[in-house]
Structures are given as structure tokens and as C-alpha cells.
Amino acid sequence: MRTHLCGELRLAHAGDQVTLCGWVAHRRDHGGVTFVDLRDREGVVQIVFHPDDAPEAHATAQELRGEWVVRVTGSVRERPPGMANVDLATGAVEVVVTSVEVLNRAETPPFVIEDRIEADELLRLEYRYLDLRRPEMTRALRLRHEINRTIREHMDPLGFLEVETPVLTTATPEGARDFLVPSRMFPGSFYALPQSPQQLKQLLMVAGQDRYYQIVRCLRDEKPRADRGLEFTQLDVEMSFADEEDIVSVIEPLYARVVRETQGVDVTTPFRRMSYDEMLERYGSDKPDLRYGMELSTLTDLFEGSGFAAFAKVAADGGVIKGLTAPRGAAVLSRKELDKLVEDAKGRGAAGLVWIAVEDGRALRSPVDKFLSDEERNGILDRTGAVPGDLVCLVGDRVDRANVALDGLRRDLAARLDLISDERWEFVWYFEPPLFDWSDDENKWVSNHHPFTAPLTDDLEPRTAKARAYDLILNGSELGGGSIRIHDPQIQERVFEVLGLSHEEIESKFGHLIRAFRYGAPPHGGIAMGLDRLAMLMAGKDAIRDVQAFPKAQSGADPLMGGPSPVDPAQLQELGIRVIEPARSEGGR
RNA sequence: GCGCCUGUGGAGGAGUCCGGUCGUCCUCAUCGCCCUGUCAAGGCGAAGAUCGCGGGAUCGAAGCCCGUCAGGCGCGCCA
């Protein structure tokens, strides 16, 4: 039907006779000569209709409207001198049309199909098939394709087998809320959609499959965010006879390659590494953005018995005084903005925030300056390294709350002070996170990663035990994480003990896995990497929606297909399901 | 579950604090006419809206109050 693609034509094609198919992106009618920008997936090329040379085609060209689908035949020629369009990949040439055929007409689209037009998010989702025609969105789809292709090219020679795991699986009590699928064959019972193929990939290791990977859809029925949806895709990996270094040595070159191929940037390997504790100490976060500095300092000892009562009390009660220094912050931020920082810190749960503007001659300007001794003033300057023009922000609170507040502050200030470079790709691993977390809700210890995560040492004291787990962070986003798994039944038993699980619970929740492990489980470990987020970062976007073909709205609704929707009563009958409250009235969407 | 922001011709925005002169304006799209080298073409003209929805106070509401729906961002939740 066609000989070439619109977007592929170059100077080398000059003189060629071509037939193209595509959508009318723009029509420029000069009364005589008429130009049309013809678009397909590969790009846009200018086609020219001359009234004298091809009167019939030119007449048809007058009728053409935006998004009509046409097929044209003509010859490629170099554009006349001075007429080239350097902004267009095909801009050196144009196609002189001899005949044109309208394959389909189109209604006027609800928004212009152009990158620079920012239509309403909802409208874009409703008409996703039009939104995806925009070159920017086409690029996003291609980016995902390239990432997937790169993964397969990387994993195959390393001996990884791509194995599919079921979509209909079993509800797990741990972790996120499951999406449930009612069973017709077993009325009253439900399948669950996978939150991840965690247990299945471990079973594949027991099955002797050695190295497994899968690009797999996972689903979690939790409130979506800009960087996390109800369904998402992960690169799931599991390796037998593997330790941390084996996992890292598979993932690092892959991610370096993705950055090289999609950004044209060489990132250095090995990636930076930090212990979880060090990361929290230095950045107040388990996913710090290392494209800029502003590391946190701890000043607790400086305020023991201080004249500044608020900090003295925090220090006495076992809290911490931590802070960061915003370069040029005092020079740039207004008083109003400084007050906003305090409000934001409170909004993040901290008791408050103290800002200290450093002025010339080591003088300080701060609401609390009058409470500080000279020793404290000098201590602050020395410990933080602040120089005139800088802004020092201090938070005194329980260590977790201080970290949360300062992490948020650090991110906000970096953006406000323009410290973030779009061209830097700062990977960092953390290792040795806590094995357990205390759950206030359940009033017991729970697994930080999951119950099969191997402890770092014999220490299983929940307050201090560390895990053989790891996370990879890029530019302040968590890309993924995993762990070395327990293969020793006795250690597994002790972990279950800490988690307060009875033998009955263990049997009902994890019986199949435990049983499998009795038949010769190899030492193994793995990792799961979020691909939506990776694509989002590589595309320079703020939301994973922008790198998904058909995303849902934040409510979980699907504006394109109209789901979720009520179903026919007969369908419910068959499943043995009665709806208690009608989900939502008609037209409520 | 909670907090914040948004909703105005087909699209994006201004107008909303401080009610009357506002269904007023800008950019794009649409329709018509003109134009033989533009490329976000240009010129002239036209059409297009119960200001998300419901209620309330007011002589009077796009604007104020209450409720509600939808979208976005965040907290809780979730790796």
C-alpha cells in the first residue's frame, strides 16, 4: 500500500518515486501551491500540491482537513534553496504529489494533535488514541519498547530464562491489598491478581531453573500516585546460587546500558553504595537524590543544656537536632518563603523548623538567634560549613520525624534553588536495611521486605537485625529492590517466630513454599525493578501515566473504556455474588 | 479516610479575593472568502457558552455560602 514511511525520507531519497500513507497534520493553502504535513508513526514530511502540474490532486488537497487519512504518490526532491526546514528530520526534502487518495475522513479532534498543546489530563485519557498520535507520546511508547528490548538482549546471554507466571493466582495476607477475581467453579472463592510473582519465582529456583526473569504486570489495590499505579510492570529476576554481588552484577550493566542507549550518557559503574543507616543519617531518606549536595548534619550534642529550651529538651529526651545548609538560600528566599518552610516542615509531622540566615561576618539572622550562645552560633557555622548567604535549617525531633521533614525540605529547596541537573543520572544502592519494622497498626514486628528475606547475621533481635536486602535508587526515585532469600528451614522458623506466626498460620499462608523448600532449595536471591518509573525518568516525565499506553485516572477509573463498570445480574448470579451496595449510580463517572 | 489545587464557547487561559458595566477578552482549533513557497503559514470575516452539577442568601452571581461530582498533587496506604 505504501513504499516508504513519512518520517524516514531523507536527502538520499531525492529523485525516488514514493507512495506514502498518513494523517494530515497541517495544511497550508496558499491559494495556489498547497502544503500538507503528512504524519505517521515515524514522523512528518512535507508534501506539495501544485495546481498547474497536478490539478486533480491539488483540487483534492483543498478538501483535506486535520487528521484525515490519505495515501499519496509523488516524487521526493530536495527542497529549493533556502526552503529547508532544519527543525524537521525530513526537512531537507519534500514530496511533490502527483495523485492523492482520501482513505478516511476525520471529525475535528477534541484537542490539537501537537506536542506543545497541553490538553486536560482527563480529555487526553478519554481520547488516548488521539493523544498517542502526538510525537511525544509516540516517543514514550518507543522508549518502553527500547527498554524491554534492551532487557531481553541483556538477560538472554547471561543464561536467564524468561518464564511466564499465572495472572490468576492466590490471595496473600501480607503486603498490599489484592485485586480479587471471583471463581465460577468454586463459588465463594477468589483468585487474586499478582502483586508480584514473588513466591512463584522462588519455586522456579527450587525447580532447578537456575536463572529466571520476566517482564511482568503486577497489580496492587492501593491508592495510586503520580509515580505508582494500580497496575505496573516490573523486571522480575531470581537467581540460584547467588549472593548480593551476583544480583548487582546483572542489574548494574543493564541500567548503565539503558541510560547509554536512551540518553546517550555514559554512567560510571559500579554504582555508589551505602548502608541503609548511612543513607538515612546523611540524607534522611531511603531514596535520596544525589544530583545535589545539602547533606544533613547532626548537631544534637551542641544543644545539650542549651539556652534554646526547645532544642535542649529534644536532646534531653533522646531526640536529634539535624539540619542542612541551603547554598545561597538566605540570599534567594524571601521572609515569606522562609516562613513557608516552617509550615511545610510542620505539615510533614515535625514539631517545627528553625531557619538561620548567615550574613556577612558570621552574623546570624534568625527568629531564635536571641536564644543562642556564641558557642552555639560558632558550632552551627563550623558543623554545617555555612558561609554568608547560606541558609541553615534545623529540626529538633524524634529521629524519624526529623528525617522526614529534612528530606522533604531538601527536595523542595533543591528545586527552588535550581540545584537539580536534568542531565545527571545518580544511581545509588543501599544495603543492609532493617530485617523487621514495628507496625503500630498490628502492634507487632513485620518484615521490612518480606518474610523470606535472609538476615545479615545470626542476630534476629528485631530492633537491630539487618537484612540481606538492597534497593537501587536513581535521582531520588526508588527503581527497585530485592533480597537474598532464606533457604535454611531453621532460620526461616526463627523469623516466623519473631513475626509471631503460629504453625497453623505458617502452614496456611506459606505451606506450599515451606514444603517446597524441604525438597532441596538452592541458595537464591532476586530483585524486582519497576519499569514504569524507569521509563518515566528516562523520558523526563513526572508521572508514569505519561509512559503508559492506556493509564487509569488517579481514582482508578479508566476514562477510555469506562471501567470499572457494573455487570449483568446474570453474571453475578453465576458467580454466587450479591452486591451489598450498588457500586455507583449510572452516569456517575 | 484526610488535606491542598483545579473545573469559563471544541482546546488552553484571563476574569472569581473586592457581586451589577461579563457571557467581556486573548491564543489555538472550526467554517467562509482572499492569497503560487509555506512549515505553529498569512490577511479579512463568521459561528460557537445554560461559566462542572444542585441548592441557598441577595433586587442582582461565573464570582459569595453549603453540598456534590470529576481531574490533579500530596498524607495515610503502598516497595
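Quick note on labels: first sequence line is chain A, next is B, and so on, each numbered from 1.
- A close approach under 4.0 Å does not occur between any side-chain nitrogen or oxygen of A:Ser555 and OP1 or OP2 of B:A70.
- At a cut-off of 3.5 angstrom, the base of B:C39 holds at least one donor-acceptor pair with the side chain of A:Arg79.
- No hydrogens or angles were tested; on distance alone, a donor-acceptor pair under 3.5 Å links the side chain of A:Arg77 to the base of B:G37.
- Taking only side-chain atoms of A:Ala176, from C-beta outward, the nucleotide of B:U38, B:C78, B:A70 with the closest atom is B:C78.
- OP1 or OP2 of B:G74 has not a single side-chain nitrogen or oxygen of A:Arg348 nearer than 4.0 Å.
- Under the Watson-Crick or G-U wobble criterion, with both distances below 3.5 Å, B:U38 is left unpaired in every strand shown.
- Between A:Ile544 and A:Gly229, the shortest heavy-atom contact is CD1-N, 3.3 Å.
- Distance A:Glu114 CD to B:G12 C1': 13 Å, rounded to the nearest Å.
- Note: CG (A:Leu409) to P (B:G74) measures 18 Å, nearest angstrom.
- B:G63 sits 13 Å from B:U16 when the P atoms are compared, rounded to a whole Å.
- The aromatic ring of A:His30 stacks onto the base of B:A41, its centre lying under 5.5 Å from the centre of the six-membered base ring with the two planes under 30° apart.
- The gap from the C1' atom of B:G7 to that of B:A79 amounts to 34 Å, rounded to the nearest Å.
- Side chain to side chain, A:His4 and A:Glu42 fail the donor-acceptor criterion of an N or O pair below 3.5 Å.
- Base pairing annotation: B:G60 forms no Watson-Crick or G-U wobble pair, as no partner gives both donor-acceptor distances under 3.5 Å.
- Residue A:Pro51 places its side chain closer to B:U36 than to any other of B:G10, B:A29, B:U36.
- Across every strand in view, B:G74 sits in a pair with B:C2 that passes the Watson-Crick or G-U test at under 3.5 angstrom.
- Phosphate contact (OP1/OP2 of B:A41, side-chain N/O of A:Arg28, threshold under 4.0 Å): present.
- When both distances must be under 3.5 Å, the Watson-Crick or G-U wobble mate of B:C53 is B:G67.
- Closest approach to the A:Glu222 side chain among B:G71, B:C78, B:U30 is made by B:C78 (side chain taken as heavy atoms from C-beta onward).
- For A:Phe111, taking side-chain heavy atoms from C-beta onward, the closest of the listed nucleotides B:A29, B:A11, B:G37 is B:A11.
- Base engagement by A:Ala84 is indicated by at least one non-hydrogen atom pair under 4.0 Å involving a base atom.
- Comparing the P positions of B:C17 and B:C66 gives a spacing of 15 Å, expressed to the nearest Å.
- Taking 3.5 Å as the limit, the base of B:C77 and the side chain of A:Arg228 contain a donor-acceptor pair of atoms between them.
- Nucleotides of RNA chain B nearest to A:Ala543 and A:Asn448 differ in position, and the one nearer the 5' end is that of A:Ala543.
- Interface remark: the A:Glu94 side chain does form a donor-acceptor pair with the B:G37 base, using a distance-only criterion of under 3.5 Å.
- Ring orientation note: the planes of A:Phe427 and A:Phe271 are close to parallel, at an angle under 30° on the 30°/60° scale.
- The CD atom of A:Glu432 sits 4.5 Å away from atom CG of A:Leu456, with the distance rounded to the nearest 0.5 Å.
- Phosphate contact (OP1/OP2 of B:C73, side-chain N/O of A:Arg545, threshold under 4.0 Å): present.
- Summarising the base pairing, B:C33 is matched to B:G43 through a Watson-Crick or G-U wobble pair whose two defining distances lie under 3.5 Å.
- The side chain of A:Arg65 lies closest to B:C31, out of B:G71, B:G37, B:C31.
- Using a 4.0 Å heavy-atom criterion, one finds that A:Asp37 contacts the sugar-phosphate atoms exclusively.
- Using Watson-Crick or G-U wobble geometry with both donor-acceptor distances under 3.5 Å, B:G48 finds no partner in any strand shown.
- Straight-line distance between the C1' atoms of B:G71 and B:C53: roughly 15 Å, to the nearest whole Å.
- Residue-level contact check: A:Asp52 touches the bases, meaning some heavy atom is under 4.0 Å from a base atom.
- A donor-acceptor pair shorter than 3.5 Å cannot be found between the side chains of A:Asn403 and A:Tyr283.
- Closest to the side chain of A:Ala553, from the set B:G74, B:G71, B:A11, is B:G71.
- The nearest heavy atom of RNA chain B to A:Gly82 and to A:Leu123 marks one nucleotide each, and the one closer to the 5' end goes with A:Leu123.
- Taking the six-membered ring for Trp and thresholds of 30 and 60 degrees, A:Tyr129 and A:Tyr127 have ring planes more than 60 degrees apart, a perpendicular arrangement.
- To the nearest whole angstrom, the two P atoms, one in B:G52 and one in B:A62, are 10 Å apart.
- At the phosphate of B:U36, neither OP1 nor OP2 sits under 4.0 Å from any side-chain N or O atom of A:His50.
- Taking the C1' atom of each, B:C34 and B:C26 are spaced 25 Å apart, rounded to whole Å.
- Considering only the side chain of A:Arg225, B:C77 comes nearest among B:G71, B:A79, B:C77.
- Partner assigned to B:C28 is B:G10, using Watson-Crick or G-U wobble distances below 3.5 angstrom.
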- [ ] Begin with the C-alpha distance, continue with both residues' side-chain angles, and end with the deciding distance and a verdict on side-chain hydrogen bond (donor to acceptor under 3.5 Å, both in side chains) for A:Glu252 and A:Trp429.
- [x] CA-CA 10 Å; A:Glu252 271 190 3; A:Trp429 292 98; 2.7 Å; yes
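- The side chain of A:Ala226 lies closest to B:C73 when the candidates are B:C73, B:A29, B:A11.
- Residue A:Pro80 is in base contact, counting any heavy-atom pair closer than 4.0 Å across all strands shown.
- B:C28 and B:G72 are spaced 23 Å apart, taking the C1' atom of each and rounding to whole Å.
- Taking atom P in both B:G74 and B:G32, the straight-line distance is 45 Å, to the nearest Å.
- Residue side chain A:Arg220 does not reach the base of B:C78 through any donor-acceptor N/O pair under 3.5 Å, judged by distance alone.
- Looking only at side-chain heavy atoms (C-beta outward), A:Leu409 and A:Asp344 stay at 4.5 Å or farther from each other.
- Look at A:Gln46 and you won't find any side-chain N or O under 4.0 angstrom from OP1 or OP2 of B:U38.
- Across all strands, A:Asp29 comes closer than 4.0 Å to base atoms (heavy-atom distances).
- Under the Watson-Crick and G-U wobble criteria, each requiring two contacts below 3.5 Å, nucleotide B:C18 is left unpaired.
- Side-chain contact, A:Ser483 with A:Arg485: a donor N or O sits under 3.5 Å from an acceptor N or O.
- Checking B:C39, B:A29, B:U36 against the side-chain heavy atoms of A:Asn85 singles out B:C39 as nearest.
- Rounded to whole Å, the distance from CG on A:Asp532 to P on B:A79 is 15 Å.
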